[in-house]
2 protein chains.
Amino acid sequence: MKALTIGKVAKQAGIGVETIRFYERRGLLEEPPRNDSGYRQYPPEAVVKLRFIKKAKQLGFSLKEIEELIALRHKQDATCGDIKAQAEERINNIEERIRDLSKMKEALVELTRQCSGNKGPVTECPILTALEPTGEDP
Amino acid sequence: MKALTIGKVAKQAGIGVETIRFYERRGLLEEPPRNDSGYRQYPPEAVVKLRFIKKAKQLGFSLKEIEELIALRHKQDATCGDIKAQAEERINNIEERIRDLSKMKEALVELTRQCSGNKGPVTECPILTALEPTGEDP
DNA sequence: CTTGACCCTGTAGTATGGTACAGGGATTAT
DNA sequence: ATAATCCCTGTACCATACTACAGGGTCAAG
């Protein structure tokens with residue numbers, strides 16, 4: 001009697017209807033029971049689960065990782081430490097991405113530092129010549 | 001007489017043959033002349049251009065941005081300042097990504113700090129309960 | 001002169017995370 | 001009762017940046 005249609009769930013979770021069906025196809029969300037007309041009948045917990053997915057995504061977890069997290073939660077012998085390990089892997093991953101981005105940034109900052117940024121011709125721009133060390137155009 | 005086949009260019013630039021053809025389709029690389037058999041005949045400058053693309057990619061430029069950079073370089077009235085502006089936009093973009101990632105990381109670090117990481121049951125893991133605030137499973 | 005390495009086009013598939021119909025049936029509000 | 005919403009499936013599409021064939025022609029070495 002408290003079953004929700006997909007539209008209600010979508011609104012309450014702040015996610016699109018199509019996206020929910022996509023998550024179901026992906027295996028991220030279990031298939032809910034259907035009524036006589038074939039409409040999905042979601043228990044209220046579905047909203048909770050979708051919000052979980054949404055938050056995890058905001059923390060940078062991929063759908064695949066979220067799937068693993070959910071699977072872990074359902075395993076009887078999974079421990080808190082398993083989850084923590086997962087989160088720590090995520091942190092390491094994020095740190096690596098930050099390091100990569102910082103390297104890119106430093107290289108670019110160095111290039112712009114060398115560039116006067118004035119009205120000089122493009123052919124003399126140190127940014128381009130740095131990218132194209134031996135280069136001229138056809 | 002110094003024309004290169006696509007395979008030679010690929011090897012010298014450190015890029016796959018298929019990737020070069022893909023760049024050509026994308027409009028990133030101009031179509032080279034062909035010989036009687038329809039083989040692409042690249043001038044040696046093509047290697048330079050591909051290395052340019054490769055380096056720009058390593059600096060985090062997307063193919064679309066690289067296209068813009070190349071177009072800028074070919075415009076008569078483009079200035080060094082135009083290039084610098086492009087690079088600075090890139091820097092801002094990278095900084096934004098770093099800020100986003102740092103936020104994610106901080107949230108995760110805070111969660112793992114709260115988690116004992118011991119053999120406790122998953123249902124009591126603060127990481128999961130934080131992600132799923134009101135939640136229990138079906 | 002044949003074999004293997006190279007080249008060609010065109011199409012399709014990969015991964016990621018969705019979004020957008022088309023073409024139909026069901027439900028709800030007026 | 002009928003129109004406006006919903007819901008269904010299935011498929012195709014968006015961007016990004018490739019990668020992998022299939023099916024065929026060409027070229028160079030032994």
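Numbers restart at 1 for each chain; the letters A, B, ... are given by sequence-line order, proteins then strands.
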Task: Pairwise distance CG(B:L101) to CG(A:L101) - rounded to 0.5 angstrom - done: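 B:L101 CG to A:L101 CG: 6.0 Å, rounded to 0.5 Å.
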Task: Side-chain donor-acceptor pair present, A:E68, A:Q86, cut-off under 3.5 Å - done: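 Distance-only check passes for A:E68 and A:Q86.
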Hey, is the side chain of [X] poking within less than 4.0 Å of OP1 or OP2 on [N], counting only N and O atoms?
| X | N | value |
| --- | --- | --- |
| A:T5 | D:dC7 | yes |
| B:K64 | D:dA15 | no |
| A:R40 | D:dC8 | yes |

Going by an N to O cut-off under 4.0 Å, is there a salt bridge joining [X] and [Y]?
| X | Y | result |
| --- | --- | --- |
| A:R113 | A:E110 | yes |
| A:R40 | A:E24 | yes |
| A:E106 | A:K103 | no |

Open item on the list: Does anything in residues 15-28 of chain A come within less than 4.0 Å of DNA chain D? Heavy atoms only, and list the residues if so.
Closed with: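 A:R21 - these, ordered by number, are the residues of the stretch whose heavy atoms sit under 4.0 Å from the strand.
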Task: Nucleotide interval of DNA chain C bounded by contacts with chain A (heavy-atom cut-off, under 4.0 Å) - done: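 Span of nucleotides near chain A: C:dG17 to C:dT27.
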TODO: Mind calculating the distance between CG (B:L29) and C1' (D:dA17) to the nearest angstrom?
DONE: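 Atom CG in B:L29 sits about 15 Å away from atom C1' in D:dA17.
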Open item on the list: Across nucleotides 25-30 of chain D, 5' to 3', mark each nucleotide with B, S or - according to how protein heavy atoms within less than 4.0 Å reach it.
Closed with: BBS---
